S.K.: 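Dumping the structure here so I can ask a few things about it.
Quick note on labels: first sequence line is chain A, next is B, and so on, each numbered from 1. Treat the numbers as computed from the prediction; the structure is a model and nothing was measured.
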Amino acid sequence: MLDIKLIRDNPDAVRKRLADRGRGDEAVLNEITVRDQERRALIVEADKLKARRNAVSKEIGALKAKGVDVSERMAEMKEVGNVIAAGDQRMAHVDERLRVILLTIPNLPHPSVPTGKDAADNPEIRRWGQKPEFAFKPKPHWEIGEALDILDFPRATKISGSGFILYKGAGARLERGLINFLLDLHTREHGYTEIFPPFLINRASMIGTGQLPKFEEDMYRLRDDELYLAPTAEVPVSNIHRDEILRHDQLPIYYCAYTPCFRREAGAAGKETRGMIRVHQFDKVEMVKFSHPDSSYDELEKMLANAEKVLQLLGLHYRVILLCTGDMGFASAKTYDIEVWAPGQNAYLEVSSCSNCEDFQSRRANIRFKDKDGKNRFVHLLNGSGTALARLFVALLETYQQPDGSLLLPEILAPYLSGVRAIHRK
RNA sequence: GGAGGGGUGGCUGAGUGGUUGAAAGCACCGGUCUUGAAAACCGGCGGAACGCAAGUUCCCGUGAGUUCGAAUCUCACCCCCUCCGCCA
């Protein structure tokens, strides 16, 4: 949520930066300005009346105690009460409208974010490693996985429908091992505290991080309860400190968490549907930081490095790109994506997205800290994948496939696979 | 799911219709004292909105209602605790 004061004081700058995102969000700014003025006028009016009612009511109490007849004043105050009630009702209307508009406006891009229309305008920041060379034509992961009997797409579809994955045998073992590998790395080497959060999330939390009210149709929701399936661990973990005031010496707070991620992918049908690139349920280890505003961009670079470390340790070639204004997510002020190379598809796949949301989410979720000067300020919230599992799984299969159809995985994973690096067809 | 009890400031906890935004204690901050610390004593100490300011208003789980006036009364919902039932 943007600060209404920022919109009030710098409407043109806000308009410009929203327009850079290219979704037409700047169109509602006029209404915000009008409603804001209306709201403030109503407050002034109501406060005057309430002050009078409070004073006279106090007087009535005192006079009544002395036995004086106060029926005239009481009748007068009843009328004032009616006027106040009518004003409060209008106020509630304006407030609600203003709130809904503010909740559906995206964050402003940081000045360092390049203006652009879509993914084609995202600058590449760096590459690491090289595309592996093969003496044969590398296969896509769905062929490798089915040949090794570690992935079963038809049966996943039978159980749940398209867009679900069934891992089997060494495949299930690899997925579980990867989760442990990622959590161990971030907790032991990068200073994150491990969290295992609930996977069902209430509405207030979903609003807090920005999934609701705007993206309701992208979320899975339970039929009988006001609960949603977590689309990412960012949601439960960021909400850990909702409605809290932290001490400045607690910051920064680093959390990481494994959760499955559930996404309806409404409107994405037919897009990259082959294999396990875009699915309704995938595993992910997420990093979340609560940061002091002064250091949040340093923290973003560190978080990005933490995610890159995963791919470096696994020996997977990747590139880092900076999302332009038109390609950024709703809550983010600046986002880096990491894309891993998938030789079987001759394509880079997004496995991590590291964002600084600044105070956009903490304003919604009311997450503050008491600064050294005693003032309460909103924390800056960052989140980053460290990393998504399904596509990482894909990159491992396609990168480490052998001429005989087997897999030879990186040495570093051996402890997580009972000491075994190779996966053969049984 | 059933029965009962309860949700008040960072914490504990008074308060059952009228100077109560809220006693008291703890915690915290500043000061006196002290070589320093502790103790003692003095003072300060919730959040939000509007306003240039003075200040005004709102907030006692949430939302409606009764009343001139609600933390206090009524209704609904949410959450917590205890017991019972069920259960991994």
Side-chain angles (χ1 to χ4, degrees), chain A residues 1-9 32-103 196-208 212-213 221-228 236 239-251 253 260 290 359 362-379:
Chain A
M1 188 159 61
L2 299 182
D3 186 355
I4 183 80
K5 292 189 192 108
L6 182 71
I7 299 174
R8 199 183 289 157
D9 298 340
I32 290 183
T33 306
V34 171
R35 298 283 183 183
D36 180 44
Q37 278 168 2
E38 194 180 356
R39 177 174 167 277
R40 286 187 288 161
L42 284 170
I43 287 175
V44 170
E45 202 178 313
D47 280 6
K48 272 189 206 157
L49 288 171
K50 285 175 182 172
R52 176 131 179 282
R53 179 175 67 179
N54 287 346
V56 175
S57 289
K58 207 168 265 184
E59 224 177 279
I60 289 174
L63 290 173
K64 244 182 159 174
K66 289 187 203 160
V68 180
D69 175 48
V70 288
S71 52
E72 199 176 305
R73 281 169 211 253
M74 278 168 63
E76 191 195 338
M77 283 309 105
K78 189 175 178 69
E79 190 43 47
V80 170
N82 290 339
V83 177
I84 289 173
D88 278 352
Q89 217 164 52
R90 272 206 295 162
M91 177 71 188
H93 255 92
V94 174
D95 247 355
E96 177 58 16
R97 178 66 189 148
L98 202 51
R99 198 183 73 91
V100 167
I101 299 175
L102 283 171
L103 283 177
F196 198 99
F199 301 163
L200 297 183
I201 314 292
N202 65 25
R203 196 174 166 81
S205 297
M206 294 289 275
I207 288 173
L212 296 182
R221 192 195 147 173
L222 300 198
R223 192 189 61 195
D224 294 329
D225 299 283
E226 185 87 24
L227 290 171
Y228 299 79
N239 275 282
I240 286 175
H241 296 297
R242 177 154 53 82
D243 290 322
E244 291 184 17
I245 300 176
L246 303 164
R247 297 190 319 270
H248 64 81
D249 60 14
Q250 286 178 274
L251 303 178
I253 297 172
F290 296 73
D359 62 1
S362 54
R363 195 177 292 282
R364 291 170 159 247
N366 196 28
I367 307 169
R368 293 171 294 174
F369 71 101
K370 198 170 279 294
D371 212 344
K372 289 193 184 81
D373 59 6
K375 290 243 165 55
N376 294 329
R377 303 177 64 190
F378 290 107
V379 302

S.K.: Would you mind reading off the distance between A:Glu76 atom CD and B:G69 atom P, rounded to a whole angstrom?
M.R.: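 Atom CD in A:Glu76 sits about 13 Å away from atom P in B:G69.
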
S.K.: Rounding to an integer number of Å, can you tell me how far A:Asp249 CG sits from B:G10 P?
M.R.: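 For the pair A:Asp249 CG and B:G10 P, the rounded distance is 17 Å.
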
S.K.: B:U74 and B:C81: how far apart are their C1' atoms, nearest whole angstrom?
M.R.: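 Each nucleotide's C1' atom is 25 Å from the other's.
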
S.K.: Taking A:Phe378's backbone N and O only, do any of them form a donor-acceptor pair with A:Ser362's side chain (distance below 3.5 Å, no angle check)?
M.R.: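 Side chain of A:Ser362 to backbone of A:Phe378: no pair is present.
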
S.K.: Rounding to an integer number of Å, can you tell me how far A:Met74 CE sits from B:C68 C1'?
M.R.: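 Going from A:Met74 (CE) to B:C68 (C1'), I get 5 Å.
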
S.K.: Whole angstroms only, please: what is the CG-P distance between A:Asp224 and B:G1?
M.R.: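 Checked: the CG to P distance equals 12 Å.
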
S.K.: Answer yes or no: does a side-chain N or O of A:Arg247 lie under 4.0 Å from OP1 or OP2 of B:A27?
M.R.: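 For B:A27, neither OP1 nor OP2 has a side-chain N or O of A:Arg247 closer than 4.0 Å.
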
S.K.: Quick check: on RNA chain B, is the nucleotide nearest A:Lys5 upstream (toward 5') of the one nearest A:Gly61, or the reverse? Name the residue that is more 5'.
M.R.: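 Nearer the 5' end of the strand: A:Gly61.
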
S.K.: Distance between the P atoms of B:A24 and B:G43, in whole angstroms?
M.R.: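 One P to the other, the span is 12 Å.
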
S.K.: For B:U8 and B:A70, measure between their C1' atoms and round to the nearest Å.
M.R.: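 Between the two C1' atoms, the distance is 14 Å.
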
S.K.: Looking only at atom C1', what distance separates B:G61 and B:A71, rounded to whole Å?
M.R.: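 After rounding to an integer number of Å, I get 12 Å for this pair.
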
S.K.: Would you call A:Asp371 and A:Lys375 a salt bridge, using N to O less than 4.0 angstrom?
M.R.: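 The answer is no: the pair does not qualify as a salt bridge.
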
S.K.: Counting only Watson-Crick or G-U wobble pairs whose two distances fall under 3.5 Å, which nucleotide matches B:C77?
M.R.: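 Check on B:C77: paired to B:G61, both distances under 3.5 Å.
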
S.K.: Sticking with atom P, work out how far B:U62 lies from B:C78, rounded to a whole angstrom.
M.R.: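 So the two P atoms sit 15 Å from each other.
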
S.K.: In the structure shown, which nucleotide is the Watson-Crick or G-U wobble counterpart of B:C50, with both distances under 3.5 Å?
M.R.: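 Checking every strand shown, B:C50 finds its partner in B:G55, with both distances under 3.5 Å.
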
S.K.: Just how far, in rounded Å, is P of B:C79 from CD of A:Glu226?
M.R.: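 Result: 12 Å.
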
S.K.: Look at all strands and tell whether A:Lys64 reaches a base, only sugar-phosphate, or nothing, counting heavy atoms closer than 4.0 Å.
M.R.: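 Base contact.
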
S.K.: Does any nucleotide pair with B:U72 by Watson-Crick or G-U wobble geometry, both distances under 3.5 Å, and what is it?
M.R.: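 Partner of B:U72: none found under 3.5 Å.
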
S.K.: How far, in whole Å, is B:G63 from B:U72 if one measures between their P atoms?
M.R.: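 After rounding to an integer number of Å, I get 13 Å for this pair.
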
S.K.: When rounded to the nearest Å, what value does the distance between C1' atoms of B:G44 and B:G10 take?
M.R.: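 Each nucleotide's C1' atom is 16 Å from the other's.
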
S.K.: Whom does B:A3 pair with, Watson-Crick or G-U wobble, provided both distances fall under 3.5 Å?
M.R.: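 WC or wobble partner is B:U82.
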
S.K.: Given side chain to side chain contact (heavy atoms under 4.5 Å, CB included), test A:Met1 with A:Leu103 step by step and report yes or no.
M.R.: CA-CA 6 Å; A:Met1 188 159 61; A:Leu103 283 177; 4.0 Å; yes

S.K.: Tell me, which of residues 77-100 of chain A have any heavy atom that sits under 4.0 Å from an atom in RNA chain B?
M.R.: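 Correct list: A:Met77, A:Lys78.
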
S.K.: In whole Å, what is the span from the NZ atom of A:Lys66 to the P atom of B:G18?
M.R.: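 For the pair A:Lys66 NZ and B:G18 P, the rounded distance is 17 Å.
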
S.K.: For A:Glu72, look at atom CD and say whether over 12 heavy atoms of other residues, nucleotides or ligands are found less than 6.0 Å away.
M.R.: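 Counting neighbours around CD of A:Glu72, 12 or fewer heavy atoms of other residues, nucleotides or ligands fall under 6.0 Å, so no.
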
S.K.: Would a distance-only check, ignoring hydrogens and angles, find a side-chain to backbone donor-acceptor pair under 3.5 Å from A:Asn202 to A:Ser205?
M.R.: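 Checking the backbone N and O of A:Ser205 against the side chain of A:Asn202, a donor-acceptor pair under 3.5 Å is found.
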
S.K.: Let me know the distance between CG of A:Asp9 and P of B:G51, rounded to the nearest Å.
M.R.: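 Interatomic distance, CG of A:Asp9 to P of B:G51: 10 Å.
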
S.K.: With both distances under 3.5 Å as the test, what is the Watson-Crick or G-U wobble partner of B:A40?
M.R.: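 Pair assignment: B:A40 / B:U32.
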
S.K.: Is there a donor-acceptor pair under 3.5 Å between the side chain of A:Arg364 and the backbone N or O of A:Ile207?
M.R.: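 The answer is yes, because a donor-acceptor pair under 3.5 Å joins these two groups.
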
S.K.: Across all strands shown, which nucleotide pairs with B:A24 by Watson-Crick or G-U wobble geometry, both distances under 3.5 Å?
M.R.: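 Paired with B:A24, as far as the under-3.5 Å criterion goes, is B:U12.
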
S.K.: Closer to the 5' end of RNA chain B via nearest nucleotide, is it A:Ala51 or A:Ile245?
M.R.: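 Closest to the 5' end, via its nearest nucleotide, is A:Ile245.
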
S.K.: Distance between the P atoms of B:G69 and B:C79, in whole angstroms?
M.R.: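 Each nucleotide's P atom is 32 Å from the other's.
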
S.K.: Taking 4.0 Å as the cut-off, does a side-chain nitrogen or oxygen of A:Lys370 come that near to OP1 or OP2 on B:G47?
M.R.: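 Yes.
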
S.K.: Below 4.0 angstrom from OP1 or OP2 of B:G47, is there any side-chain N or O of A:Asn376?
M.R.: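 A:Asn376 to B:G47 OP1/OP2: side-chain N or O found under 4.0 Å.
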
S.K.: A:Asn54 side chain N/O closer than 4.0 Å to the phosphate oxygens (OP1, OP2) of B:C58?
M.R.: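 For B:C58, OP1 or OP2 has a side-chain N or O of A:Asn54 closer than 4.0 Å.
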
S.K.: Which ones in residues 34-47 of chain A lie close to RNA chain B, meaning a heavy atom under 4.0 Å from one of its atoms?
M.R.: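 Output list: A:Arg39, A:Arg40, A:Ile43, A:Val44, A:Asp47.
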
S.K.: Please answer whether the main-chain N or O of A:Asp95 pairs with a side-chain N or O of A:Arg39 as donor and acceptor at a distance below 3.5 Å.
M.R.: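 Side chain of A:Arg39 to backbone of A:Asp95, a donor-acceptor pair under 3.5 Å: no, none is there.
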
S.K.: Nearest to the side chain of A:Ser57, heavy atoms from C-beta on, is which of B:C68, B:C58, B:U56?
M.R.: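 It is B:C68.
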
S.K.: Over how many whole Å does the gap from A:Arg73 atom CZ to B:C68 atom C1' extend?
M.R.: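 Rounded to the whole Å, the gap is 11 Å.
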
S.K.: State, to 0.1 Å, how close A:Ala46 and A:Asp88 come at their nearest heavy-atom pair, and which atoms those are.
M.R.: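 Smallest heavy-atom distance, with atoms named: CB-OD1, 4.4 Å.
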
S.K.: Considering residues at least two apart in sequence or located in another chain, which fulfil the side-chain contact (heavy atoms from CB on, under 4.5 Å) criterion with A:Arg8?
M.R.: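 With sequence neighbours excluded, A:Arg8 shows a side-chain contact (heavy atoms from CB on, under 4.5 Å) to A:Ile4, A:Lys5, A:Asp36, A:Arg40, given in chain and number order.
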
S.K.: Quick check: do A:Val80 and A:Met77 have side-chain heavy atoms less than 4.5 Å from each other?
M.R.: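 Yes, side chains in contact.
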
S.K.: Taking all non-hydrogen atoms of both residues into account, name the closest pair between A:Glu244 and A:Ile240 and its distance.
M.R.: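 Scanning both residues completely, I find the closest heavy atoms to be OE2-O, 3.3 Å.
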
S.K.: Give a yes or no on whether a salt bridge exists between A:Arg73 and A:Glu76, defined as a side-chain N under 4.0 angstrom from a carboxylate O.
M.R.: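 A salt bridge is absent here (no side-chain N lies under 4.0 Å from a carboxylate O).
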
S.K.: Base, sugar-phosphate or nothing for A:Arg368? Non-hydrogen atoms, less than 4.0 Å.
M.R.: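 Sugar-phosphate, backbone atoms only, no base.
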
